[in-house]
> 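Sharing a structure here in structure tokens format.
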Amino acid sequence: MILALETSCDDTCAAVVSERGEVRANVISSQGVHDRYGGVVPEVASRHHLELVNAVVDDALERAGASLSGLDAVAVTQGPGLVGALLVGVASAKALAAAHRLPLVPVDHLHGHVAANFLAPRPFEPPFLCLIASGGHTLLARVEDRGPAWEVLGTTLDDAAGEAFDKGARLLGLGYPGGPALERLARAGDPAAFSFPTGARVAGLDFSFAGLKTALLYKLRELGEEETARRRADLAAAYQHAIVEALARRVESALAETGLRRLAIGGGVAANGALRARVRGLADELEVPPLELCTDNAAMIASAARYVPALPFPDYLALDAYASGERGL
Ligand code: KG4
Ligand code: ZN
């Protein structure tokens, strides 16, 4: 049994997962406090992690009917993410593991998103193409096995896909996080009403979303307040269409280039109905883990930990977090 902690951004998460990938508990405490700032404030996030982490761990253990002494290992997200937020998880995991002389498994957050696919009851087996699109990352990966050595095929050069949703939503006067609100508004609109850039000029399999946000800003200025108010749904639909196209076209190219026939999508943006509909049928099989495993959670970290070497006590006492990954993500 593995206890995992995930505190890389604004969700304080703990989970208990068995060696076979059965999720015994998956506790996620979303901080909510960032909504009023229109985004995550790193210092606020760290402070809230500190306040919440012990209760979240206790809750996960209790729900799983597990005890610290009965665990095989403690796993934790080492990076990438907000460094202050990560440190709370890393320090807590070290303390919990050391107190019981347990091994510690440092996990890369993105390996976690990939490994959400390996959980029971229906693990999705490599090889497959994996698209991870969230508020913090946009990544296309070729996954050949369950370990952390997957190949990065493409990543974003500027904003993440979820960030593009959030920034567009903000320009349209919607709350944070903007993705779900923008999707709701877009349902009443025409995606062909406006034409927004899809980052098509970016070479290879990388993404770029910064120009899209600027294009929306200019369009709003051009339309003026009244016209914007009247056409908000069309604007949302066309903006969402541009993000979905940017993602889906890279997925199509990546499938063609790699010859992979199976596709998994994850990250918060995988909740988007237009994206799901657009990528359905591109590959022979499509895997979308349940939403609570697509967004940041600790069950995916425990899942990844099963394929990462554990550090025995006391080798991990000096373990540090990293803000950005070796692959520059
Ligand atoms: O994976 P996640 O919960 O946290 C991060 O690691 O960032 O992803 C959150 C992101 C936010 O940017 C949010 O706006 C976006 O996912 N999101 C959506 C939808 N639901 C969440 N974007 C588009 N459509 C949605 N339905
Ligand atoms: Zn994430």
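Atoms within each ligand, like the ligands themselves, are counted from 1 in listed order.
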> Identify, for atom 22 (N) of ligand 1, the protein heavy atom at the shortest distance, and state residue, atom and that distance.
G179 CA, 3.4 Å

> Between F124 and R262, is there a cation-pi geometry (under 6.0 Å to ring centre, at most 45° from the normal)?
yes

> Hey, which atoms in ligand 1 end up nearer than 4.0 Å to a heavy atom of E183?
24 (N), 25 (C), 26 (N)

> So how far is it from L5 CG to T77 OG1, rounded to the nearest 0.5 Å?
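Taking CG in L5 and OG1 in T77, the distance rounds to 8.0 Å.
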
> Report, in ascending order of atom number, the atoms of ligand 1 lying under 4.0 Å from any heavy atom of G135.
5 (C), 7 (O), 8 (O), 9 (C), 10 (C), 12 (O)

> Heavy atom to atom 23 (C) of ligand 1, shortest distance: which of N272, L275, N297 holds it?
N272

> For the pair R122 and E287, find out whether any cationic side-chain nitrogen is under 4.0 Å from an anionic carboxylate oxygen.
yes

> Run the salt-bridge test on R249 and E252 with the 4.0 Å N-O cut-off and return the result as yes or no.
no

> For the CD atom of E144 and the CZ atom of R142, what is their distance to the nearest 0.5 Å?
5.0 Å

> For atom 16 (O) of ligand 1, state which one of A164, G268, A271 supplies the nearest heavy atom.
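Considering heavy atoms of A164, G268, A271, the nearest to atom 16 (O) of ligand 1 sits in G268.
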
> Taking 4.0 angstrom as the limit and counting only heavy atoms of T295, give me the atoms of ligand 1 inside it, by number and element.
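Near T295, meaning under 4.0 Å from one of its heavy atoms, ligand 1 has 1 (O), 3 (O).
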
> With a cut-off of 4.0 Å, which atoms of ligand 1 are near a heavy atom of G162?
12 (O)

> Under a 3.5 Å cutoff, is there a donor and acceptor pairing between the side chains of T198 and E245?
no

> Rounded to the nearest 0.5 Å, what separation is found between the OG atom of S195 and the NZ atom of K219?
8.5 Å

> Does some non-hydrogen atom of G136 fall short of 4.0 Å from ligand 1?
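Distance cut 4.0 Å: G136 passes for ligand 1.
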
> Between Y176 and R170, is there a cation-pi geometry (under 6.0 Å to ring centre, at most 45° from the normal)?
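That pair does not qualify as a cation-pi contact.
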
> For ligand 1, does D166 get within less than 4.0 Å through its side chain, its backbone, both, or neither, judged by non-hydrogen atoms?
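The answer is the side chain.
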
> Any nitrogen or oxygen of H113 lying under 3.5 Å from a nitrogen or oxygen in ligand 1? Just yes or no.
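It does not: no N or O of H113 is found under 3.5 Å from an N or O of ligand 1.
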
> Does L311 reach the side chain of V105, with side-chain heavy atoms less than 4.5 Å apart?
no

> Could you tell me the residue and atom name of the protein heavy atom closest to atom 4 (O) of ligand 1, and the distance to it rounded to 0.1 Å?
D296 OD2, 3.7 Å

> List-wise, which protein N, O or S atoms are found short of 2.8 Å from the Zn ion (ligand 2)?
H109 NE2, H113 NE2, H137 NE2, D296 OD1

> May I ask you to say whether E51 pairs ionically with R47, meaning some side-chain N is under 4.0 Å from a carboxylate O?
no

> Kindly confirm or rule out an N or O of F165 lying under 3.5 angstrom from an N or O of ligand 1.
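N/O-N/O distance under 3.5 Å: no.
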
> Any ring pair (Phe, Tyr, Trp, His ring centres under 6.0 Å) involving residues 255-285? Give me the pairs, sequence neighbours left out, ordered by first then second residue.
none

> Rounded to the nearest 0.5 Å, what separation is found between the CD1 atom of I301 and the OG atom of S8?
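Output value for this atom pair is 7.0 Å.
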
